[in-house]
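Along the sequence shown, residues carry numbers from 1. Source: prediction; values computed, not measured.
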Amino acid sequence: KNWGTFGGSIVYLSYGTSNATSVQGEDLGTFTSYEIAPTLSYGMKVAEGLGIGGSFKYIRVSLAPDLPGLPGAGQGETVAFDLGVLYKIPGDLVNLGLAIQNMGPSISFIADDRSDPIYRNAKFGVAVNAYHKKEFSALATADINQLLVQGEITNPVDNSVEKHYQKPI
């Protein structure tokens, strides 16, 4: 009863099957791309109306296998932590939540010197119990999601910058 709550999950995202071709255009077969993140979580009440929690996750991304004729495998792995807090304003009308997600080392695919940050986020949310009767209830929610990393995507052929992604000021 006083230990809090333990949880676990597995997130799996499949990008489907792709055809592999060499630089010369020869067919190298097919492969499947995916991301998987098994996660362990824990949360507890620290005071009346206040709870905190955290998660630890292992992240594996497999974009392309190590095939003969390709410059390198598109596979990487890292670990990450999430931390969050939930505050229930007395009266059970308004709940406020804040979470920081994916804190941890960057992920590299082909070479360690070309690592990329995983998408670290800060999230803030509010839920308002707008109406509650026996037969009907309404809950209004809103959230803000803020990316906490910056970087750029470069073209591997000519090293030109194709796109910037930045955290706002």
Side-chain angles (χ1 to χ4, degrees), residues 4-18 31-47 49-66 70-89 93-130 138-169:
T5 302
F6 294 90
S9 66
I10 297 176
V11 175
Y12 179 81
L13 173 64
S14 174
Y15 294 110
T17 303
S18 301
F31 62 91
T32 302
S33 300
Y34 66 90
E35 296 183 28
I36 189 165
T39 304
L40 296 174
S41 304
Y42 175 74
M44 63 185 274
K45 180 179 176 179
V46 293
L50 182 65
I52 61 170
S55 294
F56 172 78
K57 60 183 95 170
Y58 165 77
I59 301 168
R60 172 131 175 100
V61 179
S62 179
L63 299 176
D66 190 8
L70 291 179
Q75 299 178 4
E77 59 190 19
T78 190
V79 294
F81 301 91
D82 301 342
L83 296 173
V85 61
L86 175 66
Y87 179 62
K88 296 182 170 214
I89 294 175
L93 180 65
V94 179
N95 297 326
L96 304 172
L98 176 66
I100 307 289
Q101 296 179 300
N102 295 327
M103 295 180 297
S106 295
I107 189 168
S108 62
F109 292 95
I110 296 173
D112 288 338
D113 64 338
R114 296 191 60 178
S115 64
D116 294 304
I118 56 178
Y119 284 91
R120 295 172 189 97
N121 296 301
K123 295 185 176 194
F124 172 76
V126 61
V128 178
N129 292 312
L139 177 69
T141 63
D143 67 77
I144 298 170
N145 184 18
Q146 179 61 57
L147 185 63
L148 298 176
V149 295
Q150 61 186 11
E152 58 193 25
I153 300 171
T154 56
N155 183 327
V157 176
D158 62 6
N159 288 328
S160 64
V161 175
E162 293 185 355
K163 185 175 181 181
H164 291 276
Y165 56 94
Q166 299 187 15
K167 65 180 181 180
I169 298 171

Gap between atom [atom2] of [Y] and atom [atom1] of [X] - 0.5 Å precision:
{"X": "Ser108", "Y": "Glu77", "atom1": "OG", "atom2": "CD", "answer": "9.0 Å"}
{"X": "Arg60", "Y": "Tyr58", "atom1": "CZ", "atom2": "OH", "answer": "5.0 Å"}
{"X": "Leu147", "Y": "Asn121", "atom1": "CG", "atom2": "CG", "answer": "6.0 Å"}
{"X": "Phe56", "Y": "Leu40", "atom1": "CZ", "atom2": "CG", "answer": "8.0 Å"}
{"X": "Ile144", "Y": "Leu98", "atom1": "CD1", "atom2": "CG", "answer": "10.5 Å"}

For [X] versus [Y], what's the shortest heavy-atom pair and its separation?
{"X": "Lys45", "Y": "Gly49", "answer": "CE-N, 4.4 Å"}
{"X": "Asn102", "Y": "Ile118", "answer": "O-CD1, 3.5 Å"}
{"X": "Ser106", "Y": "Arg120", "answer": "N-NH2, 4.0 Å"}
{"X": "Val79", "Y": "Pro105", "answer": "O-CD, 3.4 Å"}
{"X": "Pro117", "Y": "Val149", "answer": "CB-CG1, 3.8 Å"}

Considering only distance and modelled atom types, tabulate donor-acceptor pairs under 3.5 Å from the side chains of residues 31-39, sequence neighbours left out.
residue	atom	partner	partner atom	Å
Ser33	OG	Leu63	O	2.4
Glu35	OE2	Tyr15	OH	2.3
Thr39	OG1	Ala37	O	3.3

- With the side chain counted from C-beta on, respond yes when Met103 and Leu83 share a heavy-atom pair under 4.5 Å apart, and no when they do not.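 Answer yes - side chains close enough.
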- Query: With side chains defined as the heavy atoms from C-beta onward, is the minimum distance between Val11 and Leu13 less than 4.5 Å?
  - Reply: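 Result no, sub-4.5 Å side-chain heavy-atom pair not found.
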- Would you say Thr78's side chain and Ile59's backbone share a donor-acceptor pair under 3.5 angstrom?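 Looks like no, no N/O pair under 3.5 Å.
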- Query: Which residue pairs pass the side chain to side chain donor-acceptor pair (under 3.5 Å) test when at least one of the two sits in residues 79-89, sequence neighbours left out?
  - Reply: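 The answer is Lys57-Asp82.
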- Message: What verdict does the side-chain contact (heavy atoms from CB on, under 4.5 Å) test give for Val126 and Thr141, after you've listed the backbone C-alpha separation in whole Å, the side-chain angles of each residue and the deciding distance to 0.1 Å?
- Response: CA-CA 6 Å; Val126 61; Thr141 63; over 6 Å; no
